[in-house]
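To start, the structure itself, in structure tokens.
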Protein chains: 2
Amino acid sequence: MENKSQRMTKQRRIILDELRKLTSHPTADELYEIVRQRLPRISLGTVYRNLDVLSENGEVLKLESAGSQKRFDGDVSQHCHVRCVSCGRVGDVQEALPEPDVSGVSAPGFTITHGVSEFYGVCEACRGGDELAAPGGRIRQ
Amino acid sequence: MENKSQRMTKQRRIILDELRKLTSHPTADELYEIVRQRLPRISLGTVYRNLDVLSENGEVLKLESAGSQKRFDGDVSQHCHVRCVSCGRVGDVQEALPEPDVSGVSAPGFTITHGVSEFYGVCEACRGGDELAAPGGRIRQ
DNA sequence: CTGGATGCAAAGGTTTTGCACGCTA
DNA sequence: TAGCGTGCAAAACCTTTGCATCCAG
């Protein structure tokens, strides 16, 4: 179920290539800006369409968990993420952790298939940051 | 840090009241439709503003899901959620589970404060559903 | 060649915001 | 009465889509 009948266009190859180079889990428009340096005429719509295709093929990860914008990860190996509660940035957890055990877990009206551990914290930029007053501050990115 | 200098308006009280009655983790507009039955002249903006205030005060939970609609939970006691990978609906896990241990977990550039287990699966409506062909289908709500 | 992919621009869906007025404390 | 909260509408934001054209296989 990996490869359908899809073409490896120049755009798709470069999007995948740049995303794999990054560890920053960029948003679609951040990646768009980066890819634009190699393909100045690419459109944001193309970036979105390719990220969709690539994530359905399992070649990239679409991180839907929080923040306002989706973020993407070129590293599809099993690993956990941290999210900055202040700005939404995402980082990789270094340790390999087991997935939460699903066997004793139930929820009425749902068939549970898997679980993930998600971590939260503050990134360096926001720790140094000052415009964030409230402890338990709002999410802004 | 709970209560600032905020007023308990009729709108805010009814929003909180209705949300606490529900176990469905409604989106803002779903809750808007429900609250409208008691306050026909309330605006959607007011619902959003109050859900913001209430979640900052810790009186409700804002369940963030990037790129789609946020959902809200009137039950702020510690419990885990399941998300339907097909429609985005959220349910409550019945078992009380421990939070992932943060002590041995690190990520470069981040100060990790806590972790949660999140579960994924399929809800009843989507299991019975038919318009979902692809195994590993796309998220639509 | 053929049909999937692109660029462009417009539309779509969700959330936020400015403003004048209303109402809680 | 003061100033937070409201309703309304417009704007902002992120993502998706229609269409004519392009190009990978």
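What you are looking at is a predicted structure, and each value in this text was computed from that prediction instead of being measured. Here is how names work: the chains are called A, B, and so on, in the same order as the sequence lines, proteins then strands, and each is numbered from 1.
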Item to check | Nucleotide nearest D52(A) (side chain, heavy atoms from C-beta), chosen from dG25(D), dT16(D), dT15(C) | outcome: dT16(D)

Checklist entry - Any idea which of dC8(C), dG7(D), dT15(C) is nearest the R49(A) side chain? => result dC8(C)

Checklist outcome for this item: Y32(A) atom OH is separated from dC13(D) atom P, nearest whole Å, by 16 Å

Checklist entry - Rounded to the nearest Å, what distance is computed from the CE atom of residue M8(B) to the C1' atom of nucleotide dT6(D)? => result 15 Å

Checklist entry - Taking only side-chain nitrogens and oxygens of Q11(B), does any of them come within less than 4.0 Å of OP1 or OP2 of dG7(D)? => result yes

Checklist entry - For F72(A) and dC14(D), what is the distance between atoms CZ and C1' respectively, to the nearest whole Å? => result 11 Å

Next on the checklist: In whole Å, I'd like the distance from the CG atom of L44(A) to the C1' atom of dT17(D).
Outcome noted: 13 Å

Checklist entry - So does R127(A) pair up with E124(A), basic N to acidic O under 4.0 Å? => result no

Checklist entry - Expressed in angstrom and rounded to an integer, what is the separation of R13(B) atom CZ from dT6(D) atom P? => result 11 Å

Checklist entry - So what does N50(A) touch, heavy atoms closer than 4.0 Å: a base, only the sugar-phosphate, or nothing? => result sugar-phosphate

Next on the checklist: Test your reading of the model: is there a side-chain donor-acceptor pair from H114(A) to the backbone of I112(A), 3.5 Å cut-off?
Outcome noted: no

Next on the checklist: Nearest 0.5 Å, please: how far is CG in L19(B) from CD in E59(B)?
Outcome noted: 11.0 Å

Item to check | Selection from dG5(D), dT6(D), dT14(C) that lies nearest to any side-chain heavy atom of T46(B) | outcome: dT6(D)

Item to check | Nearest listed nucleotide, side chain of R41(A), among dC8(C), dC23(C), dT15(C) | outcome: dC8(C)

Item to check | Separation between OG1 of T46(B) and CD of Q11(B), rounded to the nearest 0.5 Å | outcome: 6.5 Å

Checklist entry - For dT14(C), does either OP1 or OP2 sit under 4.0 Å from a side-chain N or O belonging to Q69(B)? => result yes

Item to check | From dG7(D), dA25(C), dC14(D), nucleotide with atom closest to Y48(A) side chain | outcome: dC14(D)

Checklist entry - Out of K62(A), K70(A), R12(A), which one pairs with D52(A) under the salt bridge (charged side-chain N to carboxylate O under 4.0 Å, His left out) rule? => result K62(A)

Checklist entry - Between L39(B) (CG) and dC8(D) (P), how many Å, whole number? => result 12 Å

Item to check | Nearest-angstrom distance from the residue atom CG of D29(B) to P of dT16(C) | outcome: 13 Å

Item to check | Selected nucleotide, minimal atom distance to T9(A) side chain, candidates dT17(C), dT14(C), dA5(C) | outcome: dA5(C)

Checklist entry - CD1 of I42(B) versus C1' of dG22(C): gap in Å, rounded? => result 14 Å

Checklist entry - How would you label the contact of R12(A) with the nucleic acid (heavy atoms, under 4.0 Å): base, sugar-phosphate, or nothing? => result sugar-phosphate

